[in-house]
Each structure stands twice: as C-alpha cells, then as structure tokens.
Protein chains: 2
Amino acid sequence: MAEVARTAGVSTATAGRALGGYGSVSPEARTRVLAAAKELGYRRNDLARAVITGRSDTIGLVVADIDNPFFAAAVRGVSDAARAAGYEVLLANTDEDPHRERSAVDVLLARRVDGLIVAPTWGDPEHLQRAQRSGTPVVLLDRRIEGVDLDTVMVDNFEASRRAVAYLVDAGHRRIAMVTGGTRRSQVAPPGQRGVSTGRDRVEGFLRGAAEAGLQEPERYLRTAAGTPDLSQRATADLLAGHEPPTALFASDSRVALGAVKAIRQAGRTIPDHISLVAFDDADWTGVVTPTITVISQPAQALGRRAAEMLLERISGAQEEPREELLPTVFIERDSVAPCADDTRGA
Amino acid sequence: MAEVARTAGVSTATAGRALGGYGSVSPEARTRVLAAAKELGYRRNDLARAVITGRSDTIGLVVADIDNPFFAAAVRGVSDAARAAGYEVLLANTDEDPHRERSAVDVLLARRVDGLIVAPTWGDPEHLQRAQRSGTPVVLLDRRIEGVDLDTVMVDNFEASRRAVAYLVDAGHRRIAMVTGGTRRSQVAPPGQRGVSTGRDRVEGFLRGAAEAGLQEPERYLRTAAGTPDLSQRATADLLAGHEPPTALFASDSRVALGAVKAIRQAGRTIPDHISLVAFDDADWTGVVTPTITVISQPAQALGRRAAEMLLERISGAQEEPREELLPTVFIERDSVAPCADDTRGA
DNA sequence: TTGTAGGCGTTATCAC
DNA sequence: GTGATAACGCCTACAA
C-alpha cells in the first residue's frame with residue numbers, strides 16, 4: 001500500500017481511504033490511487049483489516065457431514081445468504097463427533113469468525129454457550145439443544161413424525177415400524193445430550209402417534225443405530241424377518257429410506273403391497289423410484305438461509321431474546337402407502 | 001496477550017512463545033502462561049498471526065454448486081484432507097457464472113488463502129493463472145482448461161464416455177442418444193472456453209464411440225442445454241417423441257439421469273425393454289431404482305482429497321511442472337442395459 | 001531461556 | 001480533503 005501511495009503521490013492514509021472506501025477522498029486523488037493500485041497489481045489484505053476492525057466478515061459453519069443431501073442444501077442456503085451480505089463461509093465437518101465439533105469451534109473462533117452456525121451433535125454444548133457469551137453469536141441449525149439459550153432454526157420434527165404415523169394409521173396400519181439414523185455411540189452422554197434432537201423428536205413423534213392410535217408396544221418396532229444406508233438396510237431386514245413383521249415403515253431420513261428400500265426389495269416384498277413406506281426428506285430420487293415415495297419434505301435450503309439471516313441480525317447487534325424458529329414441512333403424498341391389507345392387523 | 005503475560009509475570013514475548021508454540025520457553029514459564037491464558041479466557045488471534053507469517057492456513061474452494069452430490073462429495077474430500085493437514089476451508093459457489101467465479105477468487109485472494117482449489121466454469125481463466133503467478137497456487141478440480149498450466153485432478157471423461165458408447169454398441173444399439181448438462185449461456189465464449197471440459201470431453205467421447213461403430217450422424221441424437229433435472233427431462237421427452245427414437249441413452253451425469261428416467265416413465269416406455277440407459281456418476285439412488293442403473297462411477301471424494309494433497313504440496317513449495325492427474329472411473333454394470341430388440345436398428 | 005524493540009498491512013485519530 | 005502518527009495483536013530479530 002505504501003508503494004501505491006507513493007506512485008499516486010499521496011499519503012498512505014489517503015491511499016487507504018481510497019482503497020478501503022472509508023473516510024473522504026477527493027475524486028481526483030481516488031482515481032489516481034485506483035490507477036496506481038491497478039498498475040501495481042495491489043490486493044488489499046483483508047486479514048490485516050480484520051485485525052484492526054475486529055470484524056472478519058466471515059461466518060463459521062459447522063455441520064455433521066456435507067456429503068448428506070440435507071446438509072448440502074442447507075450449506076447452500078447459508079452460503080447464498082452470507083454472500084449476499086458480503087460474508088464468506090468457513091466450513092467444518094464433525095461427523096457427529098463431539099470432539100471434532102468442539103475443536104472446529106475453537107479453530108473458527110481463533111480465526112475470529114463474526115458468528116457461528118452449528119448443527120450441533122450430541123454431548124455437552126458448553127463450548128457453544130461460551131462462544132455466544134464471549135461475543136460471537138451462535139445460531140443452531142436443524143437441531144435444538146434443551147436448556148440452552150441460542151437462536152435455533154429447524155422444523156417441527158415431533159409434529160411431522162406424529163402426523164406421518166397418524167397418516168399410516170388412517171390407512172389401516174397397526175404394525176408400524178420406525179428406523180432412525182442415530183448412532184449408539186452417543187448413548188454414553190447424559191440423557192438430554194444423547195443423540196441429536198432431530199432423532200429424538202422424530203422418535204417421540206412416532207411414539208406419540210402410536211400411542212394416540214392405541215398401538216401396543218410401539219418400541220417393539222423401533223430400530224435405532226443406523227448411521228449409514230448399509231446399517232439401516234440391515235435394521236430393516238431384521239424387522240422384516242421378525243415375527244409379525246410391520247406392514248408400514250417410517251424412515252427417519254432419506255438415507256435410511258434408501259437402505260430400507262433395498263432391504264424390502266431383497267426380502268422379496270414390494271412397496272406398497274406388502275409394506276408401506278413414509279420417509280423424512282424429499283431426496284431427489286424419491287420421486288423417481290417405483291413406486292414414488294411419500295415423504296415429509298423439509299425446506300433444507302431455506303433453513304440454511306434463515307439461519308444465516310438470523311445470525312447476521314445478531315452480528316449487527318440485535319439483542320432480543322433467543323428464539324426458536326420453526327419452518328414448515330410439507331407432506332408429499334406419493335405412491336408408497338397403501339391401505340393395510342393384512343387381516344391380522346388387529347394383533 | 002499483554003494481560004496474560006502480566007498475569008503470568010512474564011514478557012509478552014515469552015507469553016507469545018508459550019501460546020504460539022515457537023521459540024523456547026522454560027517448562028515453568030509455559031505452565032504459568034497457559035494457566036493465566038485459561039483463567040483469562042484468552043484466545044489467540046489467528047488473523048494477526050497470519051498477517052505476520054504470511055500464511056493463513058486456509059485454502060479457498062470454489063465449486064459450481066455444493067448442492068450437487070458430486071461436488072458435495074468432492075468438498076468432503078477436500079475438507080478432510082485439509083483438516084488433516086491443519087488447514088481450514090473457505091467455500092464459494094459460482095453457479096457456473098464466470099463473474100461469480102472471478103469475484104470469488106478475488107475475495108479469497110484478499111483473504112490471503114494459501115492456495116485455491118477451483119472447479120472452473122466456462123469463460124476466460126485468466127484470473128486463475130494470475131493467482132498462480134502471483135504466488136497463490138491453484139489446483140483445478142474435475143475440469144481442465146486447455147492451454148493453461150495448472151495442476152489438475154480429474155477422470156478421463158473422454159475415454160469413459162467412449163467406452164460407455166462402445167458398451168451400448170456391443171449390446172446391439174445403433175440409435176444411441178446423449179443428453180448433457182451443459183447450458184446454452186456458455187456458448188458466447190470463445191471455442192476453447194465454451195462450457196466446461198467435462199461436458200465437452202464426454203460429448204467428444206460419445207461422438208468418437210459413435211464414429212468407431214460407424215453410426216450415421218450421431219449429432220442427431222445429441223441434446224445439450226439441460227442444466228436441471230427438469231430440462232433434461234424435457235430433452236429426453238423430445239428425443240423419445242422424435243422420428244426413429246433412440247434405443248439407448250447416455251446421460252452425462254446423475255441429475256440428467258434423474259430427468260431422463262422420469263421422461264422415459266412418463267412416455268410410457270420402460271428401461272431397459274424399450275430403451276437402455278447408462279449414466280455418469282454413481283449416485284446413491286441408481287442402485288435402488290427399478291431397474292438399477294448401469295453407471296460410470298467417479299471417485300468424487302478421492303478427487304477432492306487428491307486435489308487438496310496436490311495443493312498442499314505446492315503450498316509447501318513443490319516446484320515440478322504442473323501435472324494432470326487422472327483418477328480411474330469404474331464401470332458398474334447393473335440392469336438398465338439390454339440387447340437391442342429393435343429390428344430397424346440398421347437404420 | 002528471556003526481554004526489548006521493531007515490524008506485518010491495515011484502519012483510527014487528530015490536527016491541519 | 002489530507003497527512004502524520006498511533007494502534008491492532010501478533011511474530012521475529014537481537015541482545016542480555
């Protein structure tokens with residue numbers, strides 16, 4: 001910059017004003033500086049600027065795994081909203097590992113991100129609260145944490161799941177199963193921190209829906225511990241092979257659904273004749289398979305966008321109470337649910 | 001930091017050495033400093049450090065759209081390799097817009113990223129060369145740029161496509177169509193910069209395969225301008241409705257395939273009885289639809305990982321000639337290709 | 001090993 | 001509007 005100033009015949013202060021767009025500079029001086037900068041191939045060092053201003057114009061984004069269509073879309077939403085406001089996005093994956101989440105937050109804080117968007121995994125969320133308290137706002141994406149005062153953007157997983165079960169009950173099903181994507185590892189944590197809220201809420205919704213229909217022992221048809229399509233395939237196969245197999249299945253996300261569809265096919269059953277299926281998330285393929293899959297569609301990209309917007313509000317100083325914002329899900333009826341044909345259904 | 005030093009009863013220099021892990025500090029001094037830092041909730045400012053050292057330990061990643069499974073996996077690969085080496089990832093989307101790519105690169109350069117991984121879109125790549133020349137190494141991901149000396153990690157799209165066509169020819173098909181994901185917008189650019197290399201190479205491979213089989217006017221069955229599943233659905237519908245419709249279809253990526261499958265179904269045709277299908281990219285759903293889809297599988301995550309590794313080598317000073325690294329594709333035979341049953345096939 | 005002093009590339013302050 | 005000068009938070013001599 002000193003060189004640019006010299007070439008333009010002004011002081012570094014004036015050059016800085018022209019280049020940084022602050023203070024006031026005469027038009028002639030500005031054009032001279034800009035010309036000199038261009039000629040010398042000058043590039044501003046935003047890092048140095050950030051050290052002074054205390055703002056990096058960067059937000060940190062921490063998710064479990066981008067390579068999951070839901071998060072990919074959410075990341076896209078965050079990214080778009082951030083860019084529109086002149087912010088960049090520093091990305092980190094946790095793979096649902098609390099240690100990695102914590103260290104990711106540490107690193108991002110050390111990089112002086114202006115705010116953090118986190119899809120929190122299980123375990124103690126103390127690092128998130130501390131970040132917020134120490135002046136870096138935090139917005140939770142897709143998952144809430146009980147007893148923690150942080151802005152949260154998500155959908156009503158409980159209600160959506162309850163309704164999905166009700167829908168299956170209305171079709172006459174009584175033996176309704178659920179396969180979820182949670183992992184067993186998280187079970188070491190204290191009760192409130194086990195697994196992630198989406199998983200818990202969806203299971204609760206499932207159980208409530210079952211209870212409202214007076215179904216007996218719904219837990220009998222509940223399978224957790226299915227982190228990958230492979231595992232959920234096995235869980236589904238297990239259900240199908242059991243005594244009094246379910247006539248309907250609720251998959252907690254699209255990857256679980258993928259495994260479930262494979263398992264059902266391999267078991268020689270067909271959807272929806274032998275078993276009906278409802279899944280969370282409107283993955284692209286659910287409209288293409290035979291039959292097409294009835295799903296609960298989440299506005300993944302909009303969730304990311306809203307999270308970014310809320311964060312930017314906090315960054316610009318908004319001080320209201322933390323709030324939980326629920327975006328609507330859409331129940332998309334397709335062809336994977338049929339009336340229950342099993343006459344032992346009273347069982 | 002000054003406060004930490006004071007509390008620990010040492011100079012800022014010693015505190016800096018203890019906190020930054022450089023120089024030499026006596027064990028006692030270190031523990032005292034660390035204790036003071038913890039007590040005061042001190043967090044190092046990596047930005048200030050970067051200003052001094054000239055290294056930000058950050059790499060910039062520029063892709064067309066994370067919300068595309070291929071790039072999502074590639075981003076994942078880059079992210080993993082970067083993290084393992086102590087680097088963070090600054091992410092940007094371009095939506096195949098050359099202006100956005102250029103401005104993304106500008107911003108990342110101003111943020112002093114140590115290197116850049118770019119899946120370049122169409123148009124003039126001068127900004128990438130300039131970045132490289134001015135000392136920020138650049139690695140191209142998934143797409144090459146002719147006449148530009150930059151490290152590149154990709155697959156052999158031409159050869160994979162040629163073989164796919166050969167495979168269809170072997171099954172007896174003569175009327176083989178291709179639908180690609182390119183957009184028309186890019187056609188305003190000079191010849192070498194039109195569209196992206198993956199699209200061009202796949203088309204070239206298709207044409208070569210057709211030529212080798214002595215097929216007449218393969219261009220007749222070539223449809224570009226299909227950026228979204230919707231558009232490729234329309235393009236496919238158009239092909240099917242034509243005079244002498246194709247008996248086999250080659251989809252240039254999994255999203256095109258998605259549209260194609262829908263179009264084929266809506267036209268009342270079945271795969272592979274009426275029309276065979278081969279697609280690029282082993283998207284998760286291709287193994288679940290009926291019939292399962294024969295695909296050319298790309299190691300998306302490994303491509304990202306390799307790109308990051310190559311970039312890190314450059315960052316640490318590797319000076320060899322830029323090289324183009326080709327990762328192998330895998331042709332996965334599934335159930336979407338059948339022998340050609342059409343006896344007008346000599347047409 | 002430790003402290004002092006200077007510098008990295010900006011922005012902020014304050015006279016002029 | 002402009003220029004000198006301090007300041008940001010850290011690292012790197014160099015001397016002690």
Side-chain angles (χ1 to χ4, degrees), chain A residues 1-37 40-58 86 88 106-114 134-136, chain B residues 1-37 40-58 86 88 106-114 134-136:
Chain A
M1 185 160 110
E3 207 179 329
V4 173
R6 219 177 309 126
T7 311
V10 296
S11 70
T12 60
T14 301
R17 286 189 268 256
L19 263 11
Y22 56 94
S24 46
V25 199
S26 70
E28 316 112 63
R30 164 174 292 117
T31 50
R32 280 221 311 286
V33 170
L34 262 36
L40 295 172
Y42 166 83
R43 275 225 147 82
R44 183 175 63 203
N45 186 332
D46 281 347
L47 264 31
R49 152 181 276 200
V51 171
I52 305 288
T53 61
R55 308 172 54 252
S56 61
D57 290 339
T58 304
E88 295 301 304
D106 278 347
V107 171
L108 295 176
L109 251 24
R111 305 248 158 154
R112 293 300 189 267
V113 293
D114 296 335
S134 67
T136 305
Chain B
M1 185 161 108
E3 206 180 329
V4 173
R6 217 177 313 124
T7 312
V10 296
S11 71
T12 60
T14 302
R17 286 189 267 257
L19 263 11
Y22 56 90
S24 46
V25 200
S26 68
E28 316 112 63
R30 163 174 292 115
T31 49
R32 278 221 312 286
V33 170
L34 262 36
L40 296 172
Y42 168 83
R43 275 226 146 81
R44 184 175 65 202
N45 186 334
D46 281 347
L47 263 31
R49 153 180 276 202
V51 171
I52 306 285
T53 61
R55 308 171 55 251
S56 62
D57 290 339
T58 304
E88 295 301 305
D106 279 346
V107 171
L108 295 176
L109 252 24
R111 290 263 203 297
R112 291 301 188 268
V113 294
D114 295 335
S134 66
T136 305

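Keep in mind that the numbers below use all heavy atoms, side chains included, and drop hydrogens, waters and symmetry copies. Proteins get letters first, then strands, A, B, ... in listed order; numbering begins at 1 in each.
With sequence neighbours excluded, no residue forms a side chain to side chain contact (heavy atoms under 4.5 Å, CB included) with A/I52. Partners of A/R43 under the salt bridge (charged side-chain N to carboxylate O under 4.0 Å, His left out) rule, at least two apart in sequence or in another chain, are B/D106. Applying the salt bridge (charged side-chain N to carboxylate O under 4.0 Å, His left out) criterion to A/R44, with sequence neighbours excluded, gives A/D46. Among residues two or more places apart in sequence or in another chain, the side chain to side chain contact (heavy atoms under 4.5 Å, CB included) test is passed with A/A8 by A/V10, A/R32, A/V33, A/A36. Listed by chain and number, the residues in a salt bridge (charged side-chain N to carboxylate O under 4.0 Å, His left out) with B/D57 are B/R55 (sequence neighbours excluded). For the side chain to side chain donor-acceptor pair (under 3.5 Å) test, residues two or more places apart in sequence or in another chain that qualify with A/S11 are A/T14.
First and last contacting nucleotides of DNA chain C toward chain B (any atom under 4.0 angstrom from a heavy atom, 5' to 3' order): C/dT1 to C/dC8.
Proximity of residues 41-48 of chain A to DNA chain C (heavy atom under 4.0 angstrom from any strand atom) is restricted to A/Y42, A/R43, A/R44, A/N45, A/A48. Interface residues of residues 18-27 of chain B facing DNA chain D, ordered by number: B/Y22; criterion, heavy-atom separation under 4.0 Å.
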Ignoring hydrogens and angles, write down the donor-acceptor pairs under 3.5 Å from the side chains of residues 16-26 of chain A, residues two or more places apart or on other chains.
residue, atom, partner, partner atom, Å
A/S26, OG, A/A29, N, 3.2

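Rounded to 10 degrees, the angle separating the terminal helix axes of the helix from C/dT1-D/dA16 to C/dC16-D/dG1, each built from five base pairs, is 30°.
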Between protein and nucleotides 3-7 of chain D, what N or O pairs are separated by less than 3.5 Å?
residue, atom, partner, partner atom, Å
D/dG3, OP2, A/S11, N, 3.1
D/dG3, OP2, A/S11, OG, 3.2
D/dG3, OP2, A/T14, OG1, 2.5
D/dG3, N7, A/R17, NH2, 2.5
D/dG3, O6, A/R17, NH1, 3.1
D/dG3, O6, A/R17, NH2, 3.3

